Amino acid sequence: MPTTLTRSYLSDRISALQESQTIAMAKKGRELAAQGIDVISLSFGEPDFQTPQYIKDAAKKAIDDGYTFYTPVPGYPELRQAIADKLKRENNLDYARENIVVSTGAKQALANVVMSLVNPGDEVIVLAPYWVSYEEMVKLAEGVTVALIGTLENDYKATAEQLEEVITERTKLIMYSSPCNPTGAVFSREELAAIAAVVARHPQVHVLADEIYEYINFVGEHASLAQFDEIKDRVITVNGFSKGYAMTGWRVGYIAARPEIAAACEKMQSQITSGTCSIAQRAALAALQGGRSSADEMVEAYRRRRDLVLEQVKDIPGFRTPTPSGAFYIFPDVSAYFGATTSDGTEIRTATDLAMYLLNDAHVAAVTGEAFGAPNCIRFSTAAADEKLVEAFRRIKVSLAKLAVS
Ligand code: PMP
Ligand code: GLU
């Protein structure tokens, strides 16, 4: 008898898990493109630059030099050392090789930490708007997400006072990204100092500081929460190569944490994936040895595009957009369009409805803010060629103007 696979056949865990909305929207965009429709995809957060040549060359050399075997689970010692050196040189953080675990992307690094720290029922405060995968990772660990959002005027950044109010004795972890995906907000040293003071008062709380957009910063200063000595042991810094070095496909990320947490992540990884790809690790080592000048060139382009897009968005009625200080997204509040109707009489009730309308009418793919814990907003990636960005926002303006706003 043939087996019928039904949804109930699957575990409750996987049934409750949502597909990543960034990836789902990119997939929808590709499907329309395959039908011959000229879709401009601003949904996926991915640098549109090639990986710098010297990094590619190092990968080719790695193959020829015989880096083809299983790698040590926490990463090659020389890469872990180069990461520790980078953290000292650029972030003034003292870590030894033992504190570093290299993973298959920052995504796995984050998941390792969440799985290693969160018990069922533990509360995880996630500073919103947050990157889509945080909430789902917490769900996998059977934790409870407590989203905390600041005001639009403060670029949605939660303040230390707001944080103090939501911490309970069940709070286990706080997660945030700075520069932030999706808002581009950057926490200043003073803001982090105030947050560190709150965390210092709650010894049961750890913090996951996701710094993957570190290099894509238009205001200059990047501060790390682990720089505050009184809480350093309870901060796990996450970073990686995908954004700063345009190495999304290579899948290399890492954590820096105290040895017990690093060992826990290593144990997790030893059962799930083993060490990260040998060739990608050698490429990552070359990336660090080459410094950050290739990133600086890309950042100039991201800054130009941010300004270009803000200029376009300025004359879109009803879009309220904080100015991003880093990363490569803009995240307007679009709630002025809720209640509007399309020419066929369909009502736009949510940001998801509006994102779908823009995909189908303007052929521009973006991601609903619902996936980021900000249901009034939509995320557009600005990591696309200038002409594409101009054309995308021209189309968006035309499509929005067709809506009947009540
Ligand atoms: N954190 C944030 C905030 C991100 O935007 C991304 C990119 N998807 C990641 C982590 C994961 O990056 P990767 O796995 O490509 O290193
Ligand atoms: N960081 C990207 C984004 O937010 C990559 C997609 C993903 O890994 O979810 O779109």
Side-chain angles (χ1 to χ4, degrees), residues 17-30 41-49 51 75 79 83 101-114 126-138 156 174-187 208-217 222 236-255 265 269 272-273 276-277 280-281 283-284 287 295 302 324-331 355 365-374 377-384:
L17 193 72
Q18 280 206 26
E19 185 185 7
S20 165
Q21 286 304 301
T22 51
I23 293 174
M25 220 34 202
K27 221 174 2 186
K28 281 205 179 78
R30 276 197 289 267
S41 180
L42 305 182
S43 55
F44 210 38
E46 164 155 82
D48 59 328
F49 295 102
T51 304
L79 176 58
I83 290 168
V101 178
V102 178
S103 297
T104 302
K107 202 176 238 179
Q108 187 188 25
L110 286 157
N112 282 342
V113 175
V114 173
V126 183
L127 302 196
Y130 47 75
W131 181 47
V132 292
S133 296
Y134 293 174
E135 189 179 7
E136 298 304 311
M137 287 175 186
V138 172
Y156 298 114
I174 298 167
M175 295 174 78
Y176 73 94
S177 61
S178 177
C180 172
N181 177 2
T183 62
V186 171
F187 280 94
L208 235 179
D210 182 344
E211 303 187 358
I212 187 134
Y213 292 95
E214 174 187 3
Y215 286 176
I216 307 170
N217 178 329
H222 174 81
I236 302 102
T237 305
V238 173
N239 208 328
F241 296 82
S242 287
K243 314 294 171 172
Y245 289 99
M247 289 177 71
T248 47
W250 301 74
R251 314 303 307 126
V252 194
Y254 58 86
I255 59 151
C265 291
Q269 200 156 284
I272 304 240
T273 52
T276 304
C277 166
Q281 285 197 55
Y302 292 132
S325 300
F328 39 61
Y329 306 101
I330 64 148
F331 199 61
V367 187
T368 171
E370 287 180 37
F372 300 91
C377 302
I378 288 188
R379 189 190 78 173
F380 298 93
S381 166
T382 55

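We count ligands from 1, going down the list as the structure has it; atoms in each ligand are counted the same way. On a predicted model such as this, the values are computed, not experimentally measured, just so you know. Here, residue 1 is the first one in the sequence, and each next residue gets the next number.
Counting heavy atoms from C-beta on, the side chains of Pro179 and His222 come closer than 4.5 Å. At least one side-chain heavy atom of Tyr245 sits less than 4.5 Å from a side-chain heavy atom of Tyr215. In this structure, Phe372 and Phe331 have side chains that are in contact, with non-hydrogen atoms separated by less than 4.5 Å. Side-chain contact between Val113 and Met175: absent, with no pair of heavy atoms (C-beta onward) separated by less than 4.5 Å. Considering only heavy atoms from C-beta on, Thr22 comes within 4.5 Å of Arg379 through its side chain. Between Pro47 and Thr248 there is a side-chain heavy-atom pair separated by less than 4.5 Å. Residues Leu79 and Tyr254 are not in side-chain contact: their nearest non-hydrogen atoms beyond the backbone lie 4.5 Å or more apart.
Considering backbone and side-chain atoms alike, Gly45 places an N or O below 3.5 Å from some N or O of ligand 2. On a distance-only criterion, Tyr134 and ligand 1 share no N/O pair closer than 3.5 Å. At under 3.5 Å, a nitrogen or oxygen of Trp131, whether backbone or side chain, sits near a nitrogen or oxygen of ligand 2. Taking distance alone, with nitrogen or oxygen atoms compared against 3.5 Å, Lys107 approaches ligand 1 more closely than that limit.
Residue-ligand proximity: Gly240 is placed with every non-hydrogen atom at 4.0 Å or more from ligand 1. The closest approach between any non-hydrogen atom of Phe241 and ligand 1 is not below 4.0 Å. Residue Gln108 places no heavy atom under 4.0 Å from ligand 1. Residue Ser20 places a heavy atom less than 4.0 Å from ligand 2. Ligand 1 lies less than 4.0 angstrom from a heavy atom belonging to Asp210. Proximity of Ala106 to ligand 1 is established by a heavy-atom distance of less than 4.0 Å.
A donor-acceptor contact closer than 3.5 angstrom links the side chains of Ser103 and Gln269.
Of all non-hydrogen atoms in Ile23 and Lys107, the two that sit nearest each other are CD1-NZ, 3.8 Å. Shortest non-hydrogen contact noted between Ala365 and Met25 is CB-O, 4.5 Å. Closest non-hydrogen pair, Val238 versus Leu110, comes out as CG2-CD2, 3.9 Å. Counting all heavy atoms, side chain and backbone alike, Pro129 lies closest to Tyr156 at CD-CB, 3.4 Å. Nearest heavy-atom pair across Val252 and Gln281 is CG2-N, 4.5 Å. Of all the heavy atoms in Arg251 and Ser242, the pair that sits closest is NH1-OG, 3.7 Å.
Contacts of Ser242 with ligand 1, taken as heavy-atom pairs under 4.0 Å, involve the side chain alone. Contacts of Asn181 with ligand 2, taken as heavy-atom pairs under 4.0 Å, involve the side chain alone. When heavy-atom distances to ligand 2 are checked against a 4.0 Å cut-off, Lys107 comes that close only through its side chain, counted from C-beta outward. Neither the backbone nor the side chain of Gln21 comes within 4.0 Å of ligand 2, counting heavy atoms alone. Under 4.0 angstrom from ligand 2, the non-hydrogen atoms of Arg379 all belong to its side chain. Heavy atoms of Lys243 found under 4.0 angstrom from ligand 1 belong exclusively to the side chain. Contacts between Val238 and ligand 1, counted as non-hydrogen atom pairs separated by less than 4.0 Å, are absent for every part of the residue. Neither the backbone nor the side chain of Phe328 has any atom closer than 4.0 Å to an atom of ligand 2 (non-hydrogen atoms only).
Taking OG1 of Thr237 as the reference point, atom CG of Leu208 lies at 9.0 Å (rounded to 0.5 Å). The line from CG of Leu127 to OG1 of Thr183 is 10.5 Å long, rounded to the nearest 0.5 Å.
Here is the list of ligand 2 atoms found below 4.0 Å of a heavy atom in Tyr329: 1 (N), 2 (C), 3 (C), 4 (O). Distances below 4.0 Å separate heavy atoms of Lys243 from the following atoms of ligand 2: 1 (N), 2 (C). Interface atoms of ligand 1 facing Asn181, defined by a heavy-atom separation under 4.0 Å, are 3 (C), 4 (C), 5 (O). Atoms of ligand 1 lying under 4.0 Å from at least one heavy atom of Arg251, given by number and element, are 13 (P), 14 (O), 15 (O). Listed by number with element, the atoms of ligand 1 under 4.0 angstrom from any heavy atom of Gly105 are 14 (O), 16 (O). Counting the atoms of ligand 1 from 1 in the order shown, those under 4.0 Å from a heavy atom of Tyr213 are 3 (C), 4 (C), 5 (O). Annotation for ligand 2: atoms under 4.0 Å from non-hydrogen atoms of Tyr213 are 1 (N).
For atom 7 (C) of ligand 2, the closest heavy atom belonging to the protein is Thr22 OG1, 3.4 Å. Taking atom 6 (C) of ligand 2 as the reference point, the nearest protein heavy-atom neighbour is Phe44 CE1, 3.2 Å. Looking from atom 6 (C) of ligand 1 to the surrounding protein, the closest heavy atom is Trp131 CZ2, 3.6 Å.
Of the options Leu110, Asn239, Ile212, the smallest heavy-atom separation from atom 12 (O) of ligand 1 is shown by Ile212.
Between Phe328 and Tyr302, the angle of the ring planes lies from 30° to 60°, which puts this pair in the tilted group.
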